[in-house]
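Working notes, beginning with the structure itself.
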Amino acid sequence: MIRRIEGGGDPSPAVLVVGQVRAPSQLLIGGAWTPSTSGRSLAVHDPSTGGLLATVADAGTHDAVAALDAAASAQPAWAATPRRERSEVLRRAYEAVVAHADDLATLISLEMGKPLAEARAEVAYGAEFLRWFSQEAERVAGHAGPAPDGRGRSLVSRQPVGPAYLVTPWNFPLAMPTRKLGAALAAGCTCIVKPAELTPLTTLALAGLLGEAGVPAGVVNVVTTSDPGAVTDALVADPRLRKLSFTGSTTVGRHLVSASSAQLLRLSLELGGNAPFLVFADADVPAAVQGAVAAKMRNAGQACTAANRFLVHEGVADRFTELLAARLGAMTVGRGLEEGTEVGPLISAAAVARVAGLVDASVAGGAEVVVGGTALAGPGSFYAPTVLTSVPADAAVMREEVFGPVAPVTTFRDDDEALALANGTSYGLAAYAYTRDLDRALRVVDALEVGMVGVNQGTVSSAAAPFGGIKHSGYGREGGAEGIHEYLQVKYAAVAS
Ligand code: NAP
Ligand code: MG
């Protein structure tokens, strides 16, 4: 079912085919699979084994500009395509992704490492953005009315902002592109997608399916590269580009704010997080533990919305910690494709070393390991599910994004202290709160300085809801009624009558 085709085409000698899904090895420019002008290629590895999966074209700045040429030429016709037609293309794209769900899930698991069940959940979640925005495409509203002084009328309409550059991370190689593409295509924007170097295959496969679903040539272009800085600089300097949507680290996001200032690009930034997971004294503790496992362990903790710090009322902390440690300690760690695997590898050996460094430093600072606390033997880059207690509030594991299967637990005495700890970070993406008191829940939702709160649940993501952060977690929203507006601009006409 999984085949590697050697000699798949210079400069990309190895193409991966999974069942009915093929991950092309070249750049998608103007509807044609195109070799990179650099002649270079980049290798894609399986983090579960370290083995080579495929090689894909490594774009340079010339290729990026060619992709923008294609996107800019396709822009007028795509903007003029009736919304219902754009809607129907997205609907067919949704159906194509769902029809290939198992093969796409295998591909995600191969290049990214997550367990197959999670990869299937990512395909279902990612496909929902295509369905959601297929519906939103028809509902972009304007308004018209008489001017207040009775002289003339105002007409307000919304238009696509223009060619958009979509930069995605490696942790959700299908859902991050669809979350951006769904909104951009529905709004009438043409796109250049730049997936992460570590996981380009799923995006390439997705682009193939979008073409089959009827996305016209040049409307979606894909550029894979080992030099994202140079490719991005070339694109954001070009006045034809009008929009940049980025999901990734706060460091790169901050750089993009300044890099895009010359052309005053419209920006959407989905950046890092440091989500607090609050368990109040009146919480249903077993339910909180179940939510904690979901919020912490999805993608082995490699999610921007991952619970990063567990803040637990001192009256229930021992029980919560004991149950959480029992659950995490019993999880099966292994290759994502193997039946029964609950926790896959981290994305790289460097990621394992970084997580180990955070755990070791917190232990040196006084934290105690309840379970885990070590890297696991390879091949592949694995770290054991870990629970830490008595973690000092200023430990790096509490302040930095862990991006691994590590749950540091600390206690609080009252709601004020809980909220002060929760908000004591420069990030503001997600938070979770467990309490059976509705008044408390609503007070906490109001007081938390984040874009999203899970109340008595450990997941927040939904295509129908606005995903995004505040503070150093960025700005802009993806999904929900808000998502399409990131790709639309308002026009007003004053009409004498
Ligand atoms: P990253 O290094 O910032 O990479 C994200 C993307 O940006 C990749 O495609 C990367 O390409 C590219 N990139 C790197 N340097 C660039 C530059 N100078 N100009 C333009 N693009 C550049 O982040 P990561 O470590 O891969 O991903 C994890 C981060 O993403 C975490 O902080 C996580 O919280 C965040 N994240 C946020 C969300 C959200 O919605 N808020 C969702 C998922 C992840 P290469 O891969 O080739 O380096
Ligand atoms: Mg990177």
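Note that ligands are numbered from 1 as they come in the structure, with each ligand's atoms numbered from 1 the same way. Computed from a predicted model, the values in this text were never measured in an experiment.
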Ligand 1 contacted by Arg179 (non-hydrogen, < 4.0 Å):
yes
Quick check on Phe172 - does any of its heavy atoms sit under 4.0 Å from an atom of ligand 1?
no
Out of [options], indicate the one that has the non-hydrogen atom closest to [atom].
atom                    : options                : value
atom 6 (C) of ligand 1  : Val252, Thr168, Thr203 : Thr168
atom 45 (P) of ligand 1 : Glu197, Glu478, Glu270 : Glu197
atom 13 (N) of ligand 1 : Ala259, Pro228, Gly476 : Pro228
atom 38 (C) of ligand 1 : Cys304, Gly229, Ala196 : Cys304

List every atom of ligand 1 that sits less than 4.0 Å from any heavy atom of [X], numbering the atoms from 1 in the order shown and giving each element.
X      : answer
Thr247 : 5 (C), 36 (N), 37 (C), 38 (C), 39 (C), 40 (O), 42 (C), 43 (C), 44 (C)
Asn171 : 43 (C), 44 (C)
Trp170 : 24 (P), 25 (O), 26 (O), 27 (O)
Phe403 : 28 (C), 31 (C), 33 (C), 34 (O)

Between ligand 1 and Thr250, is the shortest N or O to N or O distance under 3.5 Å?
no
Looking only at distances, please establish whether an N/O atom of ligand 1 is found under 3.5 Å from an N/O atom of Pro169.
no
May I ask you to decide whether [X] forms a salt bridge with [Y], counting only side-chain N to carboxylate O separations under 4.0 Å?
X      : Y      : answer
Asp102 : Arg120 : yes
Arg139 : Glu136 : no
Glu486 : Lys243 : yes

Report the distance from atom OH of Tyr165 to atom CG of Leu241, rounding to the nearest 0.5 Å.
9.0 Å
Using side-chain contact (heavy atoms from CB on, under 4.5 Å) as the criterion, point out the one residue from Met112, Glu401, Lys114 that pairs with Gln302.
Met112
Tyr427: ring-ring contact (aromatic ring centres under 6.0 Å, His included) partners, not counting sequence neighbours
none
Cationic tip of Arg179 within the cone over Phe467's six-membered ring, i.e. under 6.0 Å and within 45° of the normal?
yes
Please, which pairs that meet salt bridge (charged side-chain N to carboxylate O under 4.0 Å, His left out) have at least one residue in residues 294-312, sequence neighbours excluded?
none
